[in-house]
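Report on the following structure.
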Amino acid sequence: MLAAPGIRGNAMTVRTARCACQACEVEVEGEPVSSGLCSCDNCKRRTGAPFGWSVYFHDEQVSRVEGPLTVLDGFGKRWFCSRCGSTIYWRSLGAWRPGQTGFAGGCFADPTLPVPTIAVRCAQGMPWIAYPDGCAVFDDMPRVPPSSAP
């Protein structure tokens with residue numbers, strides 16, 4: 001019997017994040033720790049969109065990394081495709097999400113990812129943005145990441 005797409009024989013969900021040109025792939029296993037939105041200027045510039053969609057997994061859930069990736073050091077480390085420039089994933093420095101890897105949610109192109117449950121730095125956001133029902137909205141960044149913070 002064949003497993004459903006995204007599911008291995010042991011019923012663990014497997015998702016693959018890809019860059020725009022599909023030269024890079026990063027595979028993660030299991031469910032994300034959190035899904036959230038950020039409207040800071042950095043996220044808007046990184047995505048070219050009115051906010052960034054971050055999906056976090058525990059570092060050990062990252063099971064495969066392939067392709068021509070380049071790393072950018074700054075507030076943490078950010079990996080992007082050397083060919084098309086798509087940001088795929090990052091790891092923060094310090095106390096913000098230690099032991100977790102953040103992914104650009106759109107790199108999964110996966111409609112089964114959880115709906116964002118938190119939106120941060122909304123004071124920097126576009127006034128016409130509407131957030132999902134039940135999404136916690138913060139004007140700035142919480143000092144400590146709530147369980148579902150981006």
Side-chain angles (χ1 to χ4, degrees), residues 5-8 12-132 135-143 145-150:
I7 306 291
R8 289 198 175 158
M12 179 176 290
T13 301
V14 177
R15 293 185 171 94
T16 304
R18 292 182 179 90
C19 63
C21 73
Q22 299 189 29
C24 298
E25 292 187 352
V26 181
E27 191 172 85
V28 293
E29 298 179 348
E31 293 303 313
V33 175
S34 67
S35 176
L37 307 172
C38 181
S39 293
C40 77
D41 292 340
N42 186 285
C43 283
K44 289 187 289 192
R45 289 183 181 113
R46 177 183 60 79
T47 63
F51 53 80
W53 176 24
S54 300
V55 182
Y56 281 88
F57 292 85
H58 293 291
D59 292 345
E60 60 271 12
Q61 290 178 267
V62 179
S63 58
R64 183 175 62 89
V65 178
E66 293 182 8
L69 289 163
T70 299
V71 66
L72 174 68
D73 281 313
F75 297 107
K77 291 186 177 210
R78 186 180 296 166
W79 285 264
F80 61 95
C81 176
S82 301
R83 292 185 187 162
C84 69
S86 298
T87 300
I88 301 173
Y89 69 101
W90 56 87
R91 292 196 175 115
S92 301
L93 295 175
W96 191 258
R97 298 243 167 248
Q100 296 181 17
T101 301
F103 285 84
C107 287
F108 289 103
D110 181 352
T112 68
L113 282 170
V115 173
T117 58
I118 188 167
V120 299
R121 295 200 169 127
C122 297
Q124 295 178 41
M126 307 307 269
W128 43 264
I129 296 292
Y131 299 101
C135 185
V137 178
F138 294 86
D139 281 342
D140 204 347
M141 180 68 89
R143 289 181 186 247
S147 62
S148 58

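Proximity of Y56 to W90: side-chain heavy atoms (C-beta onward) are separated by under 4.5 Å at one or more points. Between T101 and Q61, every side-chain heavy-atom pair lies at or beyond the 4.5 Å cut-off. Counting only heavy atoms from C-beta outward, the side chains of V65 and Y89 approach each other to under 4.5 Å. In this structure, F108 and V28 have side chains that are in contact, with non-hydrogen atoms separated by less than 4.5 Å. Contact of the V26 side chain with the R64 side chain is not registered, since no non-hydrogen atoms from C-beta on lie closer than 4.5 Å.
Within a 6.0 Å sphere centred on CZ of R83, other residues, nucleotides and ligands contribute 12 heavy atoms or fewer.
The two residues G52 and R46 have their closest heavy-atom pair at CA-NH2, 3.9 Å. Summarising the geometry of C24 relative to I88, their closest heavy-atom pair is CB-CD1, 3.5 Å, with the distance given to 0.1 Å. Here the closest non-hydrogen pair linking C84 and C19 is SG-CB, 3.7 Å. Across Q100 and D59, no two heavy atoms sit closer than the pair C-OD1, 2.9 Å. Contact detail for V55 and S35: the closest heavy-atom pair is CG2-OG, 4.2 Å. Summarising the geometry of C122 relative to Y131, their closest heavy-atom pair is SG-OH, 3.4 Å, with the distance given to 0.1 Å.
C38 contributes atom SG, which lies 11.0 Å from atom CZ of F51 (distance to the nearest 0.5 angstrom). A distance of 10.5 Å separates CZ of F103 from CG of L113, quoted to the nearest 0.5 Å. One distance of note links CZ of R121 with CG of D140; it measures 6.0 Å at 0.5 Å rounding. For the atom pair CD of E66 and CD of E25, the computed distance is 6.5 Å after rounding to the nearest 0.5 Å.
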**Request:** For T47 and W53, run side chain to side chain contact (heavy atoms under 4.5 Å, CB included): C-alpha distance rounded to whole Å, both residues' side-chain angles, the deciding distance at 0.1 Å, then the answer.
**Result:** CA-CA 9 Å; T47 63; W53 176 24; over 6 Å; no
**Request:** Give the C-alpha distance, both sets of side-chain angles, the deciding distance and a yes or no for side chain to side chain contact (heavy atoms under 4.5 Å, CB included) between W79 and R91.
**Result:** CA-CA 9 Å; W79 285 264; R91 292 196 175 115; 4.1 Å; yes
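A donor-acceptor pair under 3.5 Å is formed between the side chain of S82 and the backbone N or O of P68. Using a distance-only test at 3.5 Å, with no hydrogens or angles considered, a donor-acceptor pair links the side chain of S86 to the main chain of A20. With S63 contributing its side chain and E29 its backbone, the two residues share no donor-acceptor pair below 3.5 Å.
The pair E31-R15 meets the salt-bridge criterion, since a charged nitrogen lies less than 4.0 angstrom from a carboxylate oxygen.
Residues passing the side-chain contact (heavy atoms from CB on, under 4.5 Å) test with A136, sequence neighbours excluded: I118, F138.
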